[in-house]
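Notes for the one structure printed next.
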Amino acid sequence: MTEKAIQVDTRQKLGKHDEKHDGLERMGYTLLRSKLAFGDYAKLPPIVVDSKADIYELAMDIDQEHDRFRAELVGARDLGVRMVVLVENEDGVRDLGELASWREDDRHFKMRKRKSGNARARRIEGARLSKACATMEKKYGARFDFCAPHESAARIAAWLDEGGGEES
């Protein structure tokens, strides 16, 4: 059973609303404390978009930040929220198939290697990233989408308004 989620504004005083919160939890809701722009309670949307500035940020989430990134995907899935990871890039990558053939350029690799101080640093491989993304799509119901930076506003709107033009 997919849980339902309600955001509870962090300005709600702890302990003062226990009866109400217990009742919501008995009704099958998971309560998440989060700052709301207005109001005290909000229902989570069925789709959220997590944007990445480029393929390198995606690689960092999959590699160095894997546990945190995975926890976000699992959390969204468990609450019935579809997480779309929108990866902006100027490399022409538009889907996982194209990501599989993407290759980190020499200039970026040398700069990253020098900055890390790791002489044995390995080049980021598109094929490995693509495989990891495909696994996350299957396991967690996430979706990885790719676009040029100038297309990102339209892609975010499409996902939030219409589910990206896909069947959900």
In this structure, are over 12 heavy atoms from other groups packed under 6.0 Å from Lys35 atom NZ?
-> yes

Inspect the surroundings of CD in Glu19 and state if more than 12 heavy atoms from other residues, nucleotides or ligands are less than 6.0 Å away.
->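 Open: at most 12 neighbouring heavy atoms sit under 6.0 Å from CD of Glu19.
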
Short side-chain donor-acceptor distance under 3.5 Å, Tyr140 and Arg70 =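 On atom types as modelled, these side chains qualify, holding a pair under 3.5 Å.
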
I'd like to know if the side chain of [X] reaches the main chain of [Y], judged simply by a donor and an acceptor atom lying under 3.5 Å from each other, with no hydrogens or angles considered.
{"X": "Glu151", "Y": "Cys147", "answer": "no"}
{"X": "Arg114", "Y": "Phe109", "answer": "no"}
{"X": "Glu137", "Y": "Cys133", "answer": "no"}
{"X": "Asp54", "Y": "Tyr56", "answer": "yes"}
{"X": "Ser130", "Y": "Gly97", "answer": "no"}
{"X": "Asn89", "Y": "Val93", "answer": "yes"}
{"X": "Arg77", "Y": "Glu72", "answer": "no"}

If you group Ile, Leu, Val, Met, Phe, Trp and Tyr by side-chain heavy-atom gaps below 4.5 Å, do [X] and [Y] land in one group?
{"X": "Val8", "Y": "Met27", "value": "yes"}
{"X": "Val85", "Y": "Met60", "value": "no"}
{"X": "Met83", "Y": "Val81", "value": "yes"}

Centroid-centroid under 6.0 Å between Phe144 and Trp159 rings =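 Between Trp159 and Phe144, which both carry aromatic rings, the centre distance is not below 6.0 Å.
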
Step-by-step side chain to side chain contact (heavy atoms under 4.5 Å, CB included) determination, Ile156 to Leu160 = CA-CA 6 Å; Ile156 291 168; Leu160 296 178; 3.8 Å; yes

Distance, nearest 0.5 Å, that separates [atom1] of [X] from [atom2] of [Y]:
{"X": "Asp91", "Y": "Phe146", "atom1": "CG", "atom2": "CZ", "result": "10.5 Å"}
{"X": "Leu36", "Y": "Arg11", "atom1": "CG", "atom2": "CZ", "result": "7.0 Å"}
{"X": "Lys131", "Y": "Met136", "atom1": "NZ", "atom2": "CE", "result": "12.5 Å"}
{"X": "Leu99", "Y": "Leu58", "atom1": "CG", "atom2": "CG", "result": "6.5 Å"}
{"X": "His66", "Y": "Leu73", "atom1": "NE2", "atom2": "CG", "result": "9.0 Å"}
{"X": "Gln12", "Y": "Leu31", "atom1": "CD", "atom2": "CG", "result": "10.5 Å"}

Evaluate side chain to side chain contact (heavy atoms under 4.5 Å, CB included) for Thr30 paired with Leu79, printing each intermediate quantity in order.
-> CA-CA 8 Å; Thr30 297; Leu79 293 171; 3.7 Å; yes

Parallel, tilted or perpendicular: which fits the ring planes of Tyr41 and His21, with parallel below 30° and perpendicular above 60°?
-> perpendicular

Arg94 vs Asp145, salt bridge (Lys or Arg N to Asp or Glu O under 4.0 Å): CA-CA, chis, key distance, verdict | CA-CA 7 Å; Arg94 297 294 176 262; Asp145 192 14; over 6 Å; no

Are the side chains of [X] and [Y] in touch, meaning some heavy atoms are under 4.5 Å apart?
{"X": "Glu90", "Y": "Pro149", "value": "yes"}
{"X": "Ile62", "Y": "Leu129", "value": "yes"}
{"X": "Arg68", "Y": "Glu65", "value": "yes"}

Enumerate, atom names and distances included, each donor-acceptor pair closer than 3.5 Å involving a side-chain atom of residues 118-125, sequence neighbours excluded.
{"from": "Asn118", "atom 1": "OD1", "to": "Arg120", "atom 2": "N", "distance (Å)": "2.9"}
{"from": "Asn118", "atom 1": "OD1", "to": "Ala121", "atom 2": "N", "distance (Å)": "3.4"}
{"from": "Arg123", "atom 1": "NH1", "to": "Glu104", "atom 2": "O", "distance (Å)": "2.7"}
{"from": "Arg123", "atom 1": "NH1", "to": "Asp106", "atom 2": "OD1", "distance (Å)": "3.2"}
{"from": "Arg123", "atom 1": "NH2", "to": "Asp106", "atom 2": "OD1", "distance (Å)": "2.9"}

Electrostatic pair Lys52-Asp50, nearest N-O below 4.0 angstrom |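 Yes, Lys52 and Asp50 are salt-bridged.
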
Should the pair Asp9-Arg33 be classified as a salt bridge under the 4.0 Å nitrogen-to-oxygen rule?
-> no

Can you name the nearest heavy-atom pair linking Glu88 to Ser51, along with the distance?
-> OE2-CB, 4.4 Å

Passes side chain to side chain contact (heavy atoms under 4.5 Å, CB included), Ile6 versus Leu44? Steps please.
-> CA-CA 6 Å; Ile6 293 178; Leu44 274 177; over 6 Å; no

